[in-house]
Amino acid sequence: MWIWLSHQLRTETDGYRGVKSLSINHTSSIGNGDSSNSITFSMDNHLGTHVDVPYHFINDGLTINEYKPSDWVFNSPLIINKLLSPGVLLTPELMDKEISQCDEVDIILIKTGFEKYRGTEIYWENAPGYSSDLCELFLNKFKSLQAIGIDSISLSSLKHRQEGRKAHKKLLSNGIRIFEDLKLSQILPDKKLIKVIGLPLIIEGCDGGPCTILGEV
């Protein structure tokens, strides 16, 4: 069975710092006598469920269009369950019991429960942060790692921005893509996640973009 691991985009969707950047314009409407329905839209490329690729922080890093189709299919996902309170910085010391070495893992999804705050100011204003030391631990423990995904708005929280920048650079400089603002509540405790497909908009020269993400359970 396949489940959605991405949120629907709405004009009410909060981005980083709470900015709602999605605007939709109905350019034609059957109800108004046009032959078809169509829209134009504009948005920040890091709004909603999206991926950061190396070029986001590394000037000579890969852009989103430089990946092969197979690079977006992950066959050995690992779910890490770690409930987090608002504003906490996630460090290796807080993750000791949840992490054991596994060379096959290609994507880590960190399920913190913070998704419950989505749609409130807490979600973007007081999100948990991720330390660069934790990212280093992931690199050391998971030799096949290609990506990580989180159920909060960004790896870099407003409470820990400097550490968040370091964490982004640590992962992206090592070729690890970052999926942010995921819908991990759909992965129930009695289900095993066996595959993840993350499909971004392929925009030439772009540092990241919105994604439709599927999980097979």
Side-chain angles (χ1 to χ4, degrees), residues 4-27 38-74 107-110 114-115 117-121 123-125 127-130 132 135 145-158 160-184 196-215:
W4 297 115
L5 300 181
S6 51
H7 294 283
Q8 293 182 36
L9 278 167
R10 299 182 174 91
T11 54
E12 298 83 11
T13 298
D14 289 317
Y16 201 67
R17 292 187 177 274
V19 175
K20 297 175 174 61
S21 65
L22 176 61
S23 63
I24 298 174
N25 178 44
H26 293 267
T27 53
S38 63
I39 66 168
T40 59
F41 65 89
S42 65
M43 58 181 284
D44 187 283
N45 68 318
H46 294 272
L47 181 71
T49 303
H50 66 277
V51 66
D52 297 347
V53 298
Y55 186 57
H56 187 41
F57 271 82
I58 312 299
N59 205 39
D60 59 352
L62 288 175
T63 57
I64 204 164
N65 59 294
E66 294 180 298
Y67 288 88
K68 303 187 301 293
S70 58
D71 291 333
W72 301 103
V73 179
F74 305 94
I107 186 170
I108 297 170
L109 302 180
I110 306 173
F114 207 75
E115 186 183 325
Y117 296 109
R118 201 172 189 273
T120 73
E121 289 187 359
Y123 190 69
W124 59 266
E125 192 173 60
Y130 292 80
S132 59
C135 296
L145 189 64
Q146 299 177 36
I148 71 165
I150 60 175
D151 59 357
S152 53
I153 201 162
S154 174
L155 201 70
S156 178
S157 74
L158 293 181
H160 307 282
R161 290 197 72 198
Q162 198 61 36
E163 193 62 32
R165 293 188 186 104
K166 291 168 60 179
H168 271 90
K169 290 179 180 178
K170 174 67 69 175
L171 292 174
L172 296 173
S173 65
N174 283 279
I176 310 301
R177 285 157 286 166
I178 305 166
F179 292 95
E180 297 172 319
D181 197 12
L182 298 185
K183 189 178 183 180
L184 301 185
V196 172
I197 300 176
L199 299 175
L201 285 177
I202 307 300
I203 303 172
E204 184 178 2
C206 199
D207 63 286
C211 288
T212 295
I213 304 182
L214 309 174

Is it the case that atom NZ in K183 sees more than 12 heavy atoms from other parts of the structure closer than 6.0 Å?
yes

Considering non-hydrogen atoms only, spot the tightest contact between F114 and S152 and give its length.
CD2-CB, 4.2 Å

Only counting residues at least two apart or in another chain, list the ones meeting side chain to side chain contact (heavy atoms under 4.5 Å, CB included) with T27.
N25, S38, T40

For residues L171 and I148, determine if any side-chain heavy atom of one lies less than 4.5 Å from a side-chain heavy atom of the other.
yes

Would you name the heavy atoms of N65 and I203 that are closest together and state the gap between them?
OD1-O, 3.7 Å

Minimum heavy-atom separation for I64 and G209, please, with both atom names.
CD1-N, 3.7 Å

L214 vs W4 side-chain heavy atoms within contact, under 4.5 Å
yes

Counterpart residues, side chain to side chain contact (heavy atoms under 4.5 Å, CB included), relative to Y55 (two or more places apart):
N59, T63, D207

Find out whether K20 and T11 are in side-chain contact, i.e. whether some heavy atom of one side chain is under 4.5 Å from a heavy atom of the other.
no

Least distance between heavy atoms, L182 atom then G149 atom:
CD1-CA, 3.6 Å

Does the side chain of I110 reach to within under 4.5 Å of the side chain of Y130, using non-hydrogen atoms?
yes

Rounded at 0.5 Å granularity, tell me how far CG in L9 sits from CZ in F41.
8.5 Å

Report the residues that fulfil side-chain hydrogen bond (donor to acceptor under 3.5 Å, both in side chains) with K170, sequence neighbours left out, ordered by chain and then residue number.
E136

Side-chain ion pair, D52 and R177, N-O less than 4.0 Å:
no

Atom pair OG1/CG of T120 and D14 - distance to nearest 0.5 Å:
8.0 Å

Those residues that, when tested against E121, pass side chain to side chain contact (heavy atoms under 4.5 Å, CB included) (two or more places apart)
W124, E125

Quick check: does any side chain N or O of S6 sit under 3.5 Å from a backbone N or O of I213, one acting as donor and the other as acceptor?
yes

Quick check: does any side chain N or O of E180 sit under 3.5 Å from a backbone N or O of L155, one acting as donor and the other as acceptor?
yes

Going by ring pair (Phe, Tyr, Trp, His ring centres under 6.0 Å), name the residues that satisfy it together with F57, two or more places apart in sequence or in a different chain.
H168

Compare every heavy atom of S21 with every heavy atom of D44, then report the nearest pair and how far apart it is.
N-OG, 3.0 Å

Could I get the full list of side-chain hydrogen bond (donor to acceptor under 3.5 Å, both in side chains) partners for Q162, not counting sequence neighbours?
R165

Got H7 and E115 here, is their nearest side-chain heavy-atom distance under 4.5 Å?
yes

Pairwise distance SG(C211) to CG(D181) - rounded to 0.5 angstrom
11.0 Å

I want to check something: taking the side chain as every heavy atom from C-beta on, are L62 and V53 in contact at a cut-off of under 4.5 Å?
no

Using the test ring pair (Phe, Tyr, Trp, His ring centres under 6.0 Å), find all partners of H46 that sit at least two apart in sequence or belong to another chain.
H50, H56

Spacing of R161 atom CZ and S154 atom OG [to the nearest 0.5 Å]
9.0 Å

How many angstroms lie between CD1 in I58 and CG in L172, if you round to the nearest 0.5 Å?
6.0 Å

Under the ring pair (Phe, Tyr, Trp, His ring centres under 6.0 Å) test, residues paired with Y16 that sit two or more places apart:
none

Please assess Q146 against V73 for the test side chain to side chain contact (heavy atoms under 4.5 Å, CB included), listing each intermediate value before the final yes or no.
CA-CA 10 Å; Q146 299 177 36; V73 179; over 6 Å; no

Please identify each residue that fulfils side-chain hydrogen bond (donor to acceptor under 3.5 Å, both in side chains) with D151, with sequence neighbours left out.
T112

Could you tell me which residues satisfy side chain to side chain contact (heavy atoms under 4.5 Å, CB included) with S23, sequence neighbours excluded, listed by chain and number?
S42

Between L184 and L109, is a side chain to side chain contact (heavy atoms under 4.5 Å, CB included) present by the stated rule, with each step listed?
CA-CA 8 Å; L184 301 185; L109 302 180; 4.1 Å; yes

So do the side chains of Y123 and I153 get within less than 4.5 Å of each other, counting heavy atoms only?
yes

With sequence neighbours left out, what residues match S156 under side-chain hydrogen bond (donor to acceptor under 3.5 Å, both in side chains)?
none

Verify side chain to side chain contact (heavy atoms under 4.5 Å, CB included) between F179 and L5, making sure each step is shown before the conclusion.
CA-CA 10 Å; F179 292 95; L5 300 181; over 6 Å; no

Any residue meeting ring pair (Phe, Tyr, Trp, His ring centres under 6.0 Å) with W72, in chain and number order, not counting sequence neighbours
Y67

Minimum heavy-atom separation for S157 and A127, please, with both atom names.
CB-O, 3.1 Å

